[in-house]
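Here the structure is laid out as structure tokens; the discussion comes afterwards.
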Amino acid sequence: MAALDAPPQPPRTAARLVDGLVAAERAIADPATAPDVLSAAAHVQQVAYRRLGQRPAWDAAVLRSVPPGLRSTVRANVASRREFQSMSSTPSDTLPAWRIVEPEPADRLLAHYRAAERRFGVDWEYLAAINLVETAMGRIRGTSVAGARGPMQFIPATWAQYGRGDIEDAGDAVMAAARYLDARGFTRPGGRARALYAYNNHPAYVRGVTRLAEVMQDRPRAYLGYHRWRVYYRSAAGDVLLPVGYERERPVPVRRWLARRSDG
């Protein structure tokens with residue numbers, strides 16, 4: 001697939017975006033896709049959705065051009081992206097004090113989600129969506145401005161009530177998230193949105209997580225694409241890819257960091 005051969009750049013036109021996105025979605029959906037091609041497809045997919053999230057004027061052309069069977073998936077991913085964008089209107093002029101690491105393998109994380117679903121009845125797709133949104137499925141190590149920690153981002157006081165084991169351990173954190181959502185009424189009639197709102201008190205968060213979970217429920221292999229999404233940070237200089245190995249103890253001016261990277 002030629003559209004997946006080179007590292008992705010933000011598409012300059014709607015037509016180019018469609019070419020890459022359709023190739024990526026087809027590769028992710030195909031069980032025969034090799035792991036390296038799957039990773040490339042996920043990166044193209046991620047960059048395309050981030051770009052389209054910033055280009056509402058392209059929506060009609062993109063939706064006309066993608067195959068009918070992909071339109072609901074495209075709509076849901078773009079809607080989710082815009083929900084999360086709406087939660088932070090001013091891009092930062094600094095990069096965060098994070099450490100970026102490799103996530104646990106997809107099958108191991110899926111086993112954690114399914115174990116939590118069996119115990120508490122919280123759909124695994126919602127746990128995966130929260131894990132993706134909070135820390136890119138465990139890639140981001142760091143403490144949030146609210147003091148939240150670990151792959152599912154628990155405030156220590158909440159962890160003390162709902163956590164068991166290690167707040168930084170993926171299995172323990174996913175189980176705690178399911179325990180918390182169950183306690184907040186996730187499995188009760190009409191309780192799903194209220195439980196998600198309790199997890200993060202913003203209606204856009206509820207809608208964004210729900211859209212991602214619904215994509216995975218409709219297309220289970222979408223999880224494998226999301227698992228390969230990288231860490232992009234929305235900054236005043238545009239989207240910045242934070243690679244595995246990025247590590248800062250305090251925020252760093254984004255333009256200074258980019259200049260150092262370009263200097264080699």
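Numbering of residues begins at 1 and proceeds along the displayed sequence. Treat the numbers as computed from the prediction; the structure is a model and nothing was measured. When reading the values below, keep in mind they use all heavy atoms of this one structure, side chains included, and skip hydrogens, waters and symmetry mates.
In this structure a side-chain-to-backbone donor-acceptor pair under 3.5 Å is present from T210 to V206. Side-chain atoms of H43 do not come within 3.5 Å of backbone N or O of R228 as any donor-acceptor pair. Counting only distance, with no hydrogens or angles, the side chain of S88 and the backbone of F84 share no donor-acceptor pair below 3.5 Å. Not a single donor-acceptor pair under 3.5 Å links the side chain of R99 to the backbone N or O of R141. Remark: side-chain polar atoms of T94 are not paired, donor with acceptor, to backbone N or O of P253 under 3.5 angstrom.
Just one residue in the list R50, Q46, R51, R234 forms a side chain to side chain donor-acceptor pair (under 3.5 Å) with D239, and that residue is R50. The side-chain contact (heavy atoms from CB on, under 4.5 Å) test with M175 singles out one residue from Y162, F120, Y180, and that residue is F120. Partner of D59 under the salt bridge (charged side-chain N to carboxylate O under 4.0 Å, His left out) criterion, chosen from R81, R82, R71: R82.
In this structure, Y226 and W229 have perpendicular ring planes: the angle between them is above 60°, well past the 30° mark. Ring-plane geometry between Y199 and Y205 is classed as parallel, the angle between the planes falling under 30 degrees on a 0 to 90 degree scale with a further cut at 60.
One finds the CZ atom of R221 at 11.5 Å from the CD atom of E25 (value rounded to the nearest 0.5 Å). If you take CD on Q217 and CD on E125, they are separated by 4.5 Å, rounding to the nearest 0.5 Å. Separation of atoms CG (D182) and CZ (R188) is listed at 7.5 Å; rounding is to 0.5 Å. The OG1 atom of T135 lies 11.0 Å from the CD1 atom of I130; values are rounded to the nearest 0.5 Å. L110 contributes atom CG, which lies 10.0 Å from atom CE of M216 (distance to the nearest 0.5 angstrom). Taking CG of L109 as the start and CG of L127 as the end, the distance is 11.0 Å to the nearest 0.5 Å.
Aromatic ring centres of Y246 and W257 lie closer together than 6.0 Å.
Counting heavy atoms from C-beta outward, R192 and D123 have side chains that approach closer than 4.5 Å. Inter-residue side-chain proximity for N200 and V133 is flagged as unmet; no heavy-atom pair is nearer than 4.5 Å. Side chains of D30 and R26 form no contact here, defined as non-hydrogen atoms less than 4.5 Å apart. Side-chain contact between R211 and E83: absent, with no pair of heavy atoms (C-beta onward) separated by less than 4.5 Å. Between D172 and I167 the shortest side-chain heavy-atom distance does not fall below 4.5 Å. Contact of the N77 side chain with the L212 side chain is registered, since non-hydrogen atoms from C-beta on lie closer than 4.5 Å. Considering only heavy atoms from C-beta on, P151 comes within 4.5 Å of N131 through its side chain. Side-chain contact between P96 and L242: present, with at least one pair of heavy atoms (C-beta onward) separated by less than 4.5 Å.
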Report the C-alpha distance between I28 and Q45 in whole Å, list the side-chain angles of each, state the deciding distance to 0.1 Å, and finish with yes or no for side-chain contact (heavy atoms from CB on, under 4.5 Å). CA-CA 9 Å; I28 292 166; Q45 177 200 46; 3.5 Å; yes
Show your working on side-chain contact (heavy atoms from CB on, under 4.5 Å) between L52 and V74 and close with a plain yes or no. CA-CA 10 Å; L52 190 52; V74 172; 4.2 Å; yes
Take V244 and R139 through the side-chain contact (heavy atoms from CB on, under 4.5 Å) test and state the conclusion after the steps. CA-CA 8 Å; V244 171; R139 285 175 173 80; 5.7 Å; no
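Tracing side-chain contacts under 4.5 Å through hydrophobic residues (I, L, V, M, F, W, Y), one reaches L132 starting from Y49; they form part of the same cluster. When hydrophobic clusters are built by joining Ile, Leu, Val, Met, Phe, Trp and Tyr residues whose side-chain heavy atoms come closer than 4.5 Å, directly or via intermediates, V44 is not grouped with Y223. The cluster map of Ile, Leu, Val, Met, Phe, Trp and Tyr, joined by side-chain heavy atoms under 4.5 Å apart, puts M87 and Y233 in different clusters. Note on L63: it clusters hydrophobically with V78, by side-chain heavy-atom contacts below 4.5 Å among ILVMFWY residues. Hydrophobic clustering of Ile, Leu, Val, Met, Phe, Trp and Tyr side chains at less than 4.5 Å, counting indirect connections, unites V66 with V215.
Nearest heavy atoms, Y113 versus A128: CE1-CB, 3.5 Å. Contact record, A48 with L21: CB-CD1, 4.1 Å, taken as the closest heavy-atom pair. Contact record, W58 with P11: CH2-O, 3.4 Å, taken as the closest heavy-atom pair. In plain terms, the two heavy atoms of A27 and L38 that are nearest each other are O-CD1, 4.4 Å. The heavy-atom pair separating A29 from R219 by the smallest distance is CB-NH2, 3.7 Å. Looking at every heavy atom in both residues, G171 comes nearest to D169 through N-OD2, 3.1 Å.
Other residues, nucleotides and ligands contribute at most 12 non-hydrogen atoms within 6.0 Å of the CZ atom of R149.
At least one cation-pi condition fails for R184 and F186: the charged atom is not both under 6.0 angstrom from the six-membered ring centre and inside a 45 degree cone around its axis.
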